[in-house]
Undergrad: 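This structure is in C-alpha cells; I'll ask about it shortly.
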Number of protein chains: 2
Amino acid sequence: MSQPDTKQRILDAAEELFARNGFYATSLRQITQLAEVNLAAVNYHFGSKEELLEAVILRHLGPLNDKRRQGLEHELQLAQQEERRPRPRQIMNALVEPTLQLRAPGSDHLAFVTLVGRLLADTQGVGHEIFVRQMVPMLMQFYQALVEALPEVDPSLLYWRLHFTVGSLSHMMRCHDRHGVVPPGIDPEIEIEALINMLLDFTVAGMEVVP
Amino acid sequence: MSQPDTKQRILDAAEELFARNGFYATSLRQITQLAEVNLAAVNYHFGSKEELLEAVILRHLGPLNDKRRQGLEHELQLAQQEERRPRPRQIMNALVEPTLQLRAPGSDHLAFVTLVGRLLADTQGVGHEIFVRQMVPMLMQFYQALVEALPEVDPSLLYWRLHFTVGSLSHMMRCHDRHGVVPPGIDPEIEIEALINMLLDFTVAGMEVVP
DNA sequence: GTATAATTTAAACGATCGTTTTAACCATTT
DNA sequence: AAATGGTTAAAACGATCGTTTAAATTATAC
C-alpha cells in the first residue's frame, strides 16, 4: 500500500489545481482525489495546506531563477570581455525567455507558470510573500544591469519600467488559454519564440526610450 | 431598524474586502460585519455572493469604460477634423489615464482598481467573465484605433502589444501598496500623473517600434 | 523473526461557509 | 387602524473545510 511517489503526486496535483483555481478555491480533497492518495497524506508529508503551497512554489522556482541569473551573468561577462556596456535586449531576454519557455508545448511546467502569474497578482495571498522573497534579489540584479546598460535613462525610471515589464510578463504567464474575443485575422495561438520576441521588442523599446 | 443605505454599505464593504483578499478568501460574515448589517441582508438584497460580486463590479465599471471611450472618441474626432491619423499616445492615454486616476489620493475607488486588477489575473475566477465581457468590446475599439494610428505595424503585433499593455496596467492597478525591496535612491511613492506618464512612455514606445 | 520506524487510512473533530427559514419589525397604502 | 409590502434579524440547515487521531499496514533495521 505504500506508494514511493506519494509526495510527487500530491505536488503535481496541487500545482495543477492551485494554478487553475488559485489557493483558496482549491481544497485538499480535490488535490488528494486527483493524486489518488489519502487526505491525511497532505498533513503527514507537508504539514499544512500552506506548506504544501510553499513546496509547490519552491520545487521549480530555484531552477527558473538560476536560468535567469545564468543568462544575465553570461551577458555581463561577455560585455566585460568586449569592454562594452551590457545590451538591454540581452538582459531582458534573460528574464523573459526562460520564463515563457515554461509554457512551451511539451513543457511539464505549464501549470507552474500559471501559478507564478497568479501569485504575482494576489498581493495579499498566502504564496505571495514566499514568491516575492525569491524574486526580489534576482530582480535587483536585473535592475542593476539595466542601470549599467542604460546610463542615459534615470535609474528611477528603470525601476518603474522593470515593474511594467513584470506586469506584462506575469500577464502572459497567466493568459495562455483564454484570449477573449480576438479580432478578425489574428491567430491567438502563437509560437513561444514569436511571443518572446514580441514581448522583448515591446519591453526593450519601452526601456530604452529617453523622455 | 430599517437602514436606508444597507445596500450601499454592503457594496462598499464587499468592494473593499474582495479587493484586498479576493472573492474566495472573503466571507459574507466579514462583509456584513464591516458593513454592520445582518448576514441575511446579502441574500435578501443581492441574491447570492456571486451576484454581490457582479454588482460590485458593475457599479463603477460602466463609468470607467465610458471615460475611456470618451477619451478615445475625442482623439478620433480631432484626428478626423485635422485630417490626420490618430496619435498612439492619445489613444493609450485614453486607456491608461482614467484607470490609474482611480488610485489617486482622495479617490474613492482605490479598492475598485485593485479589484479590477485581481479580476484580470484570476482567469478562472467568478468575476472574470463578467469583467471581460465588459472590457472586450472596448478593447476592440482601442485595437482598431491603434491599427489606424500605426499602419506601419502589423495588426497582429498590435493585438499582442495591447495585451502586454493590459498586463502592465493591471499590474499597476494591484501593486499600489506593496513594493517589495526598493533599490536605494528610488522613492516608491509616486504621483499618479508621473506614473501615468511613465507607463505611457513605456507602452507607446513599445507600440510604435517597428521590428 | 522481532522490534522499530515510516506511511497509509478512515473516521472524527471543530470550525466556517453560503443559503434558507420564519418571525418580528418598519414603512407605505388604503 | 388594518392591510400590505419591504426590510431586518436570529437561528438553523446542509455542506465543506483543514486538521487531528489512532489503528492498520508496510518498510527498514537488527
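A, B, ... follow the sequence lines: proteins, then strands. Residue 1 opens every chain. What's counted below: heavy atoms across the whole structure, side chains too, no hydrogens, waters or symmetry copies.
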Undergrad: Looking just at side-chain N and O atoms, do B/E15 and B/H60 make a donor-acceptor pair shorter than 3.5 Å?
TA: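 Looking only at side-chain atoms, B/H60 and B/E15 do form a donor-acceptor pair, the distance falling under 3.5 Å.
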
Undergrad: To the closest 0.5 Å, what do you measure between CD (A/E54) and CZ (A/F131)?
TA: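 The distance works out to 13.5 Å.
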
Undergrad: What is the ring orientation for B/F164 with A/F202, classed by angle as parallel under 30°, tilted 30 to 60°, or perpendicular over 60°?
TA: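 Plane angle between 30° and 60°, so tilted.
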
Undergrad: Can you tell me the distance, in whole Å, between the CG atom of B/D5 and the P atom of C/dA27?
TA: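 Going from B/D5 (CG) to C/dA27 (P), I get 14 Å.
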
Undergrad: From the list D/dT19, D/dA12, D/dT8, which nucleotide is the closest neighbour of the side chain of B/T6?
TA: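 For B/T6, the side-chain atoms sit closest to D/dT8.
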
Undergrad: With a 4.0 Å limit, can you tell me whether B/N43 has a side-chain N or O closer than that to the phosphate oxygens OP1/OP2 of C/dT19?
TA: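 Checking B/N43 against C/dT19: at least one side-chain N or O falls below 4.0 Å of OP1 or OP2.
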
Undergrad: Respond yes when some side-chain nitrogen or oxygen of A/H45 is under 4.0 Å from OP1 or OP2 of C/dT8, and no when none is.
TA: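 Answer yes for this pair, as a side-chain N or O of A/H45 is under 4.0 Å from OP1 or OP2.
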
Undergrad: Take the protein atom CG of B/N21 and the nucleotide atom P of C/dT16, then report the distance between them rounded to whole Å.
TA: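 So the two atoms are 16 Å apart, to the nearest Å.
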
Undergrad: When the distance from CG of A/L17 to C1' of D/dG18 is rounded to whole Å, what number comes out?
TA: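 About 16 Å, once rounded to whole Å.
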
Undergrad: Between P on D/dC17 and CD on A/Q33, what's the gap in Å once rounded to a whole number?
TA: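 Checked: the CD to P distance equals 10 Å.
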
Undergrad: Measure the distance from CG on A/L39 to P on C/dC13 and round it to the nearest whole Å.
TA: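 Atom CG in A/L39 sits about 16 Å away from atom P in C/dC13.
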
Undergrad: Rounded to the nearest angstrom, tell me the gap between atom CD in A/E36 and atom C1' in C/dA10.
TA: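 After rounding, the gap between these two atoms is 18 Å.
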
Undergrad: For B/A40, which contact category applies under a 4.0 Å heavy-atom criterion: base, sugar-phosphate, or nothing?
TA: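 Base contact.
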
Undergrad: Quick one: sort the A/H171 and B/H163 rings into parallel, tilted or perpendicular, breaks at 30° and 60°.
TA: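 Taking B/H163 first and then A/H171, their aromatic rings sit tilted (interplane angle of 30° to 60°).
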
Undergrad: To the nearest Å, how far apart are A/R29 CZ and C/dT9 P?
TA: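 After rounding, the reported distance stands at 15 Å.
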
Undergrad: Under 4.0 angstrom, heavy atoms only, what part of the nucleic acid is B/T32 near: base, sugar-phosphate, or nothing?
TA: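 Nothing, no heavy atom under 4.0 Å.
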
Undergrad: For D/dT16 and A/S27 - does any side-chain N or O of the residue sit under 4.0 Å from the phosphate oxygens OP1/OP2?
TA: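 Checking D/dT16 against A/S27, no side-chain N or O comes under 4.0 Å of OP1 or OP2.
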
Undergrad: Map A/N38 and A/Y44 onto DNA chain C by nearest heavy atom, then report which one ends up closer to the 5' terminus.
TA: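 By nearest-heavy-atom nucleotide position, the 5'-most residue is A/Y44.
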
Undergrad: How close or far is atom C1' of D/dG18 from atom CG of A/L52, stated in whole angstroms?
TA: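 Rounded to whole Å, this separation is 12 Å.
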
Undergrad: Could you point out which residue of A/T99, A/L100, A/N93 forms a side chain to side chain contact (heavy atoms under 4.5 Å, CB included) with A/V96?
TA: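 Exactly one pass, corresponding to A/L100.
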
